[in-house]
Colleague: 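I have a structure here, written as structure tokens, and I will follow up with some questions on it.
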Number of protein chains: 2
Amino acid sequence: MALKFANRMDKIRASEIRELLKLTVRPEVISFAGGLPAPELFPIEEMKKVSQKVLEENGEQALQYSPTEGFPPLREKIAKRMEQAGVKTTAENILITNGSQQGLDFSGKIFLNPGDVVVVESPSYLGAINAFKAYECKFLEIPTDDDGMIMEELEKALETTENVKMIYVIPDFQNPSGRTWSFERRKKLVEIANKFNLPIIEDNPYGELRFEGEKIPSIKSFDTEGRVIYLGTFSKTFCPGLRIGWVCAEEEVLNKYILVKQGADLQSNSMSQRELDAFLEVYDLDKHIEKIKKLYKNRRDLMLKTMKEHFPPEVKYTHPEGGLFTWAELPEHINTRELMKKALERNVAFVPGGSFFPNGGHENTMRINYSNMSEDKIVEGIKILAEVIKEALNK
Amino acid sequence: MALKFANRMDKIRASEIRELLKLTVRPEVISFAGGLPAPELFPIEEMKKVSQKVLEENGEQALQYSPTEGFPPLREKIAKRMEQAGVKTTAENILITNGSQQGLDFSGKIFLNPGDVVVVESPSYLGAINAFKAYECKFLEIPTDDDGMIMEELEKALETTENVKMIYVIPDFQNPSGRTWSFERRKKLVEIANKFNLPIIEDNPYGELRFEGEKIPSIKSFDTEGRVIYLGTFSKTFCPGLRIGWVCAEEEVLNKYILVKQGADLQSNSMSQRELDAFLEVYDLDKHIEKIKKLYKNRRDLMLKTMKEHFPPEVKYTHPEGGLFTWAELPEHINTRELMKKALERNVAFVPGGSFFPNGGHENTMRINYSNMSEDKIVEGIKILAEVIKEALNK
């Protein structure tokens, strides 16, 4: 007799994408598929120093259990860094999580009953969609344009949809589209959330990686009623391997996240929190981020230039002002899942865009990452991709 | 207007225990409350060496994203170590988690719908109870004695209870009771689970810390139908700060855990997994465990001896053959939550036992930890505790 699983397990089946992506780790593959930072910029020498320092000075504490909320000095430093997003806050409003992915899972756990509705951008981040699905929710996709989610569409949808329980958005250099919300849309979103009494989950893994244009304050900075829950991470500005992210929220709400964290895994890694804290103490993270931005800007420029030269004119793509991704739209009859198979045969990978639409469709789209491949591979890979696209168009 | 939370949030309120425990971190408190390993045995020097080695040899990989399943060489080493629990398995059956607490949360997520019933020992581990509560389950407590859960009681209960979905047990040096299941009970549990087609979650954080008596094979070792899910951890044998535990299960079941892990936090810490792997490569963990066992045996001996000399005869307590805890039962009219307040006034702490019974009652019990306090503090603290108990008895 087979074991009986909970109902939610029917919702979170293995995706075919995940199986496809496994094929992209072969060394000969030029992969624009992942969302991996450039490892050549990881501060390895600095990490060697801070790991010694932490073990030397506080070895017992670094290897022992520590508070669920996180290492207090690190929470303080993060609270201070929130000023960059236009948010004045204190350490008491910060919970350390295992990357922002854990903050997504907790958000689903805290706000969603089965059948509840989550409002998302169309398209939205695959990892968030999967995290929320475990809570047996439905998705309401709101159309987006180059300025973010379209507020008239949102308001209309909220007026006619029952059981909406939260709004999830990635306003800066969105995953997957690379687009950034305008100042006005951010402000308006908070007004609408106030009107409908909804929490907003603002997921901002890329906001510090702007290499063009003016900085726009976070949605949380417009929050006057404590309804915006901000998820941050060091995965893209420091490194993802240590799995350090955070939740910033008002005390009553943050307390729910802390309770959930305790049941989920007690606490995040004590040692890594102290290493990161020591790094922030000894080194200049903002200077380090400048290096990352410079490299990614070069790679974005090179990718967009190569796309302009080689992609057929039928292919539209976004111009990200920061972050890791661009997003391409092909003529409607092209299925990028099929295209991906052809590209993989020629050792080039991307993520078919359909996966980013929880309610299906849009199989003619693709997410293309530019942060992880070297310059020559970007040129080579985009040229091959252009050929594969042309072949598909000419069929 | 206040935000609306999911129904499950009503179940996981902050416990008064947690607030009490916060008071026990004052340095002047002799705390038998936590379940903390002895930090003086943490392999700090070895960690300094392996962290350098990992960053030197594989820095980029150690700081980058890595597979959800875990670092392959570490999974292999864990699979091999499972032989000590009498289990023959392979790396494909191992998933790395953030301590075994994460395995508990995932078990609830995978098996429990709201209203479903979890069978637990009476008493059971507080952290597991809290993790499962988030999935809105009910608890069926089965009486235990010095040989573990009483199988006749279990069978009777299963015959008359609907919607039982899993059995959760800690067969070795149980938290909180310190008791260990007999060979016969383990074997019988698997037979009963087979008959009722139920999964067994076998939580074994302390099994490797036996300092007296004969080793008894794990419940998983009796599993012929792939229904035992074994949760292991390095928190008590290496250190808890790195948050490395594992799930060992049959492929079909493990695949569910992997899917859930992906949504929950993508993966465990890449760097810590490689550090632990390097430690296991370069050093002898079993030799290290011998040191831990020797220290804990001394502390247990000293605690039980002091209890024998000073506790009034009305207090009954267990004789653990390993692990971190002993468990005391006082006359029924004594409420240990009240006792805890009196003890704290005199700077001694323990955990009132009522919290370990999900359906309430048993307020006359207490969990006492002996792994974390030095020998002189154990004697001093138990003497004070004895006085506090005597005062309560004489009131």
Colleague: Can you check whether A:D265's main-chain N or O pairs, donor with acceptor, with B:N98's side chain at less than 3.5 Å?
Modeller: no
Colleague: Using a strict 4.0 Å threshold on nitrogen-to-oxygen distance, state whether A:K109 and B:D105 make a salt bridge.
Modeller: yes
Colleague: Under a 4.5 Å heavy-atom cut-off, does chain B meet the side chain of A:L198, its backbone, both or neither?
Modeller: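 Only the backbone of A:L198 comes within 4.5 Å of chain B.
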Colleague: Measure A:L55 against the heavy atoms of chain B and call it side chain, backbone, both or neither at under 4.5 Å.
Modeller: both
Colleague: Just so I understand: if I count every heavy-atom pair under 4.5 Å between each of A:P199, A:A134, A:G245 and chain B, which residue has the most?
Modeller: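 Among the listed options, the one with the most contacts to chain B is A:P199.
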Colleague: Could you check whether atom CD of B:E191 has more than 12 heavy atoms from other residues, nucleotides or ligands sitting under 6.0 Å from it?
Modeller: yes
Colleague: Pick one of side chain, backbone, both or neither for B:Q262, based on which atoms fall under 4.5 Å of a heavy atom in chain A.
Modeller: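 Contact with chain A is through both the backbone and side chain of B:Q262.
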Colleague: Run the ring-ring contact (aromatic ring centres under 6.0 Å, His included) test against B:Y135 and tell me which residues pass, sequence neighbours left out.
Modeller: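 B:Y135 satisfies ring-ring contact (aromatic ring centres under 6.0 Å, His included) with no other residue.
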Colleague: Please look at B:L112 and chain A and tell me whether the side chain, the backbone, both or neither of the residue comes under 4.5 angstrom of a heavy atom of that chain.
Modeller: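 The backbone, not the side chain.
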Colleague: Is the CD atom of B:E252 crowded by more than 12 outside heavy atoms at less than 6.0 Å?
Modeller: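 Check fails, neighbour count at 12 or below.
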Colleague: Let me know if B:D10 has heavy atoms under 4.5 Å from chain A in its side chain, its backbone, both or neither.
Modeller: neither
Colleague: With only heavy atoms counted, which part of B:S268 is less than 4.5 Å from chain A, the side chain, the backbone, both or neither?
Modeller: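 The backbone, not the side chain.
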Colleague: Taking the side chain as everything from C-beta on, heavy atoms only, tell me whether B:L266 gets closer than 4.5 Å to A:R243.
Modeller: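 With C-beta onward as the side chain, the pair touches.
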Colleague: Within the supplied structure, the quantity of interest is the number of heavy atoms (other residues, nucleotides, ligands) at a distance under 6.0 Å from A:E162 CD; does it exceed 12?
Modeller: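 12 or below, so no.
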Colleague: Does NZ or CZ of B:K4 lie under 6.0 Å from the centre of the six-membered ring of A:F111, at an angle within 45° of the ring axis?
Modeller: no
Colleague: Specify the closest pair of heavy atoms between A:K48 and B:Q52, including all atoms of both residues, with the distance to one decimal.
Modeller: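 Distance-wise, the nearest heavy atoms are O-NE2, 3.0 Å.
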Colleague: Identify each donor-acceptor pair in which a side-chain atom of residues 57-65 of chain B lies under 3.5 Å from a protein atom, sequence neighbours left out, and give them as a table.
Modeller:
residue, atom, partner, partner atom, Å
B:E57, OE2, B:K53, NZ, 3.4
B:Q64, NE2, A:P37, O, 3.0
B:Y65, OH, A:K236, NZ, 2.7

Colleague: Measure the CE-SG distance between A:M271 and B:C239 for me, rounded to the nearest 0.5 Å.
Modeller: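 It comes to 8.5 Å.
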Colleague: Please find the pair of heavy atoms, one from A:S51 and one from B:S51, that lie closest to each other, and give the distance.
Modeller: OG-OG, 3.3 Å
Colleague: Given that the side chain runs from C-beta out, which part of B:Q273 has a heavy atom under 4.5 Å from chain A: side chain, backbone, both or neither?
Modeller: neither
Colleague: Among B:I12, B:V260, B:L36, B:N255, which residue forms the greatest number of heavy-atom pairs with chain A at distances under 4.5 Å?
Modeller: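 With the most close heavy-atom pairs to chain A, the winner is B:L36.
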